[in-house]
Amino acid sequence: MSRYNPKEAEPKWQARWQAAGAFNAGTGSGKPKYYVLEMFPYPSGRIHIGHVRNYAMGDVIARYKKAAGFNVLHPMGWDAFGMPAENAAMQTGSHPRDWTYSNIDIMRSQLKQMGLSIDWSREFATCDPEYYVHQQRLFLAFWKHGFAYRKESSVNWDPVDNTVLANEQVIDGKGWRSGAAVERRKLSQWFLKITDAADDLLAALDDGRLAGWPDNVRTMQRNWIGKSNGLAMKFRFAAATTVEEGANTNAPPSGFEDGIEIFTTRPDTLFGASFIAIAPDHPLAMHYAEHDSDLRDFISDCQKLGTSEEVIEKAEKRGHKLNVEMSHPFDDRRLPVYVANFVLMQYGTGAIFGCPSGDQRDLDFAHKYGLAIPPVVLPPEADAKTFKIETEAYTGPGTLFNSGFLDGMTTEEAIAAATAKIEDMGLGKGMTQYRLRDWGVSRQRYWGCPIPAIHCEQCGIVAVPAADLPVRLPAEADFSEPGNPLDRHPTWKHVSCPNCGGKARRETDTFDTFVDSSWYFARFAAPDPDKPIDKGAADYWMPVDQYIGGVEHAILHLLYARYFTRMMKACGYLSVDEPFANLFTQGMVVHETYRDEADEWLLPEEVVIEKGAARRADNGAPVSIGPIEKMSKSKKNVVSPEAIAETYGADAARWFMLSDSPPERDVEWTDSGVEGAWKLINRIWDAVSPAEGLLKNVDLSNPAADDADKPLRQTTHATIAGVTDDIENFRFNKAIARIYEFMNALKKNAASSDWARAEALSALTQLAAPFTPHLAEECWETLGGEGLVCNAPWPQADPELLARDSVILGLQVNGKRRGELEVAADADNEAVEKAALSDEAVKRHIEGKTVRKVVVVPGRIVNIVAN
RNA sequence: GCGGACGUGGCGGAACCGGUAGACGCAACAGACUUAAAAUCUGUCGAGGGUAACCUCGUGGGGGUUCGAGUCCCCCCGUCCGCACCA
């Protein structure tokens, strides 16, 4: 018996697949199409085992669908623009382009080593000018269609490095490199009008267009879009109450003659209002800050928080009281006005009314500043005389009280009544508001797709003419300091205006990398040298039938891609509005983290662990074991697939990544796990290799099994049915468990006929093929199968062999298991009940008791209730 | 803080629609083979009690619904993902 040698077999089969063009997709076949896509990788350096898991999942689906008779498209490429390349340039002096392409070369060969069934002829990187030229074309089309515009928005500004910081580069309010306190600064930037599509993006989540998406992702997107119906209304300045020194105190500031416009989803609680709060960057706050240095200090404090919603929400609720008051629309109360750090300028109107009894943040704020807390909503079952708000706001529905004309109404009625009243008074209007904001796509960086626009002193902003595309990045740039190398490039930005020929400058911002990944799936399917998309091919392949990626992309990437697809459709490039028919979000591969005494991260291979204590492999120094975390380059808790492939082969790595843990859950890499996979590979080989040529000696299309073969044949067909169902439903871990069970059964039924063994072994080979494709080819060749197993049609289960003659039922007395009972599969309930009651164990437990009830669940259980 | 998930033996996990908890794998232990080790094969393997047949407990914690709860409901604890310039 020969030993299976993956080091020989794996490259051999990879070469044969390539020679046969086994995975190159065309549109010509009469088969139904199936487009499988895993989220393409960022070329960070080397692939790690987490990539292997992701791509192995897609590969199982792709290979299975191909066998099941589909014309499969399974492409691969690189999400190649982004900050790490630029950071590397600053640290090591390597050019982002060289760094990126050399990473791609390494990662491509690593991926090829994994034996994925990819159509490599379609490969591209988003940093290829041949790709981004089309992105620039798309952008110009979108701009023309009115989907793109410019407006001011806030960015994190590092005042020492003079550069814009990403949220992740802001650590505790400080720049990661300079350590300087970060400020918020306004920049004029490009935006795409995703809010115009909000309604349709929302509707598609529920109208069946995304029926193939997981519920949690749809829920997250629904909440992110955040449609809410509410009331936009103005609170007027109370007359002659402003006593601010040196200012025109009696008149409202110009632009605010009508008061402050707020947005609320709870107009029913208007009588519970005790203050008005506006965002620190609200124009009114800016206005008062001109003459109020305390307010200026407060605002600049707020701005040091950075721009991320997370830090703003987590920060202690603080406010700065303005020297003005607003009148309540329904009574003669006057409400103080605060500039408050928890009010967001981007949402609604940037101003709210605070109702402490009905909102936890408002309540915390009211306690802090000693404001009134009038309760206005009485929860069901509560007593108006005793009901009190103390430390918890009541946000649920109820009956209005202390609320004038709203008293006695339900929350719902009161919302309608208050809205109508405000509308009658001419103070406001009911409206729909979205939490979703327009998509800012400008980035002040070099390593991104240039935005094809020119700023002309005479003509304003002008599109780069189609003939001048692509706008290429300058080959050389200065990465020695932070900031945007394009902006400080000596020549690149100086151009003449395509309109008037006058002096002009290029847009020096590049696109957000989410733009690159918002249409790559269409380019894979339908490349065209002259146009972004070959519409005929796109109409054939789109949408992606199965998209696979991490749940961390549940909102941004997936929402942007959905919106981009709508824009592409509107501009005539595509015919679908949803890019991904089915979505699967897989879990991450996690690993323990290690640090040495100097607090430096260590690779797992640099650490030895004995009896729970970790030491350095080289010098034995103690190592502290950190939490199990997502594998990341920065924390060095990565496992290289190459080393695994060297020792055990790609099949073992693939098998282990898909066994054990359910694909949607995180999986921890363990060395013993991959050893187990290696053992299984040898068990399969040991089962198959003695049966050399077996398929040549029997005719599987002509059943020639006898009765003695029935147990093995039943197992074979149950396994075919089970594995097929498991793959269809992304239960790879269960499919693998079934293959193990099949292996065990094969051994128990070693005495079966050649025909039944041939059937079993060919099924085993084919069922394992999507998981361990190289091994399967080797097995297929040994058995004498025709052609490549990757081209063989998927085995079919015979329904007659799936039928069971008898079933074993659990016997319960008062809900506790007391025994079991084997009955014919078609036994009627009466017979089952009778047999159950005469069971010895049951008799013992009902002795001296009266049987009150017998519950028979056919095929499952019998429960006897007795007391 | 807000939104979304998850929590089952020593470990990864299985348990379909509320119906026999722990499939399958890993580790461990015992045995076979071997001069020996590795590999391989066979067996045991949730906890406690009992010579045994069996009994009791057990799915993060606390309540509830049900003939029956890992599964449904309420509250709590812990971990992970996202929060718009990481990809």
Side-chain angles (χ1 to χ4, degrees), chain A residues 39 41-42 44 79 81-84 155-156 164-170 189 214-217 219-224 226 307-315 317 342 346 360-361 435-445 512-514 517 550-557 559-560 585 587-588 590 627-630 656 659-662 664-668 670 672-673 675-677 679-680 682-683 686 725 729 731 733-734 736-741 744 747 808-821 841 844 852-855 857 859-866:
Chain A
M39 292 177 184
Y42 179 78
S44 54
D79 189 12
F81 275 134
M83 296 204 308
V155 295
N156 299 308
V164 177
L165 297 177
N167 283 332
E168 69 156 14
Q169 298 173 324
V170 180
Q189 314 214 59
D215 289 343
N216 62 329
V217 174
T219 303
M220 282 189 259
Q221 291 213 347
R222 198 177 298 120
N223 292 337
W224 183 261
T307 58
S308 104
E309 191 163 307
E310 184 186 358
V311 296
I312 292 169
E313 289 279 330
K314 274 186 186 162
K317 312 289 172 275
F342 61 92
Q346 307 105 311
Q360 193 60 45
R361 291 180 304 187
R435 208 187 75 94
L436 181 69
R437 312 198 292 259
D438 275 341
W439 175 14
V441 294
S442 297
R443 297 292 181 270
Q444 294 68 40
R445 309 195 198 291
D512 176 9
T513 57
F514 276 124
S517 57
V551 72
E552 66 271 22
H553 295 292
I555 295 174
L556 294 181
H557 162 59
L559 197 62
Y560 292 147
T585 53
M588 297 172 301
V590 296
I628 295 171
E629 292 189 55
K630 175 180 175 173
F656 171 52
S659 63
D660 290 5
S661 285
E664 67 277 9
R665 216 183 285 181
D666 291 351
V667 61
E668 191 190 353
T670 59
S672 58
E675 281 162 26
K679 275 200 256 180
L680 181 276
N682 286 300
R683 280 177 65 192
D686 291 346
D725 190 51
N729 291 290
R731 294 188 296 243
N733 56 324
K734 290 179 65 183
I736 282 176
R738 274 184 217 279
I739 292 175
Y740 274 110
E741 286 176 324
N744 295 339
K747 199 178 291 170
I808 293 170
L809 305 181
L811 292 182
Q812 294 184 337
V813 176
N814 291 332
K816 282 192 178 169
R817 184 177 181 277
R818 296 301 178 186
E820 56 185 38
L821 181 67
R844 213 169 48 239
R852 301 290 174 190
K853 190 174 170 184
V854 179
V855 182
V857 184
R860 295 255 180 219
I861 207 168
V862 181
N863 188 16
I864 293 148
V865 186

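Residue numbers start from 1 in every chain, and the chains themselves are labelled A, B, ... in the order their sequence lines are given, proteins ahead of strands. Just so you know, these numbers come straight off a predicted model, no measurement behind them.
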Round to a whole Å and report the spacing from CG of Asn863(A) to C1' of rG18(B). 12 Å
Donor-acceptor contact present, side-chain Gln221(A) to main-chain Ala554(A), <3.5 Å: yes
What's the CD-C1' distance between Glu741(A) and rG25(B), to the nearest Å? 11 Å
If you find the nucleotide of RNA chain B closest to Asn744(A) and the one closest to Lys317(A), which residue's nucleotide is nearer the 5' end? Lys317(A)
At under 4.0 Å between heavy atoms, what does Leu559(A) touch on the DNA or RNA strands: base, sugar-phosphate, or nothing? nothing
For rG10(B), decide between syn and anti, treating a glycosidic angle within 90° of 0 as syn. anti
So that I can tick it off, tell me whether Lys314(A) and Glu309(A) are bridged by a salt bridge, with the cut-off set at under 4.0 angstrom between side-chain N and carboxylate O. no
Could Asp725(A) and Lys734(A) be called an ion pair, given the rule that one side-chain N must be under 4.0 Å from one carboxylate O? no
Rounded to whole Å, how long is the line connecting atom CD of Glu675(A) with atom C1' of rC11(B)? 15 Å
Do nucleotides 82-87 of chain B as a string where each nucleotide becomes B, S or -: B if the base has a protein heavy atom under 4.0 Å, S if just the sugar-phosphate does, - if no protein is that close. SBBBBB
In this structure, how many angstroms lie between the C1' atom of rG18(B) and the CZ atom of Arg860(A), rounded? 10 Å
Assuming nearest nucleotide by heavy-atom distance, tell me which of Ile808(A) and Lys816(A) is located more 5' along RNA chain B. Ile808(A)
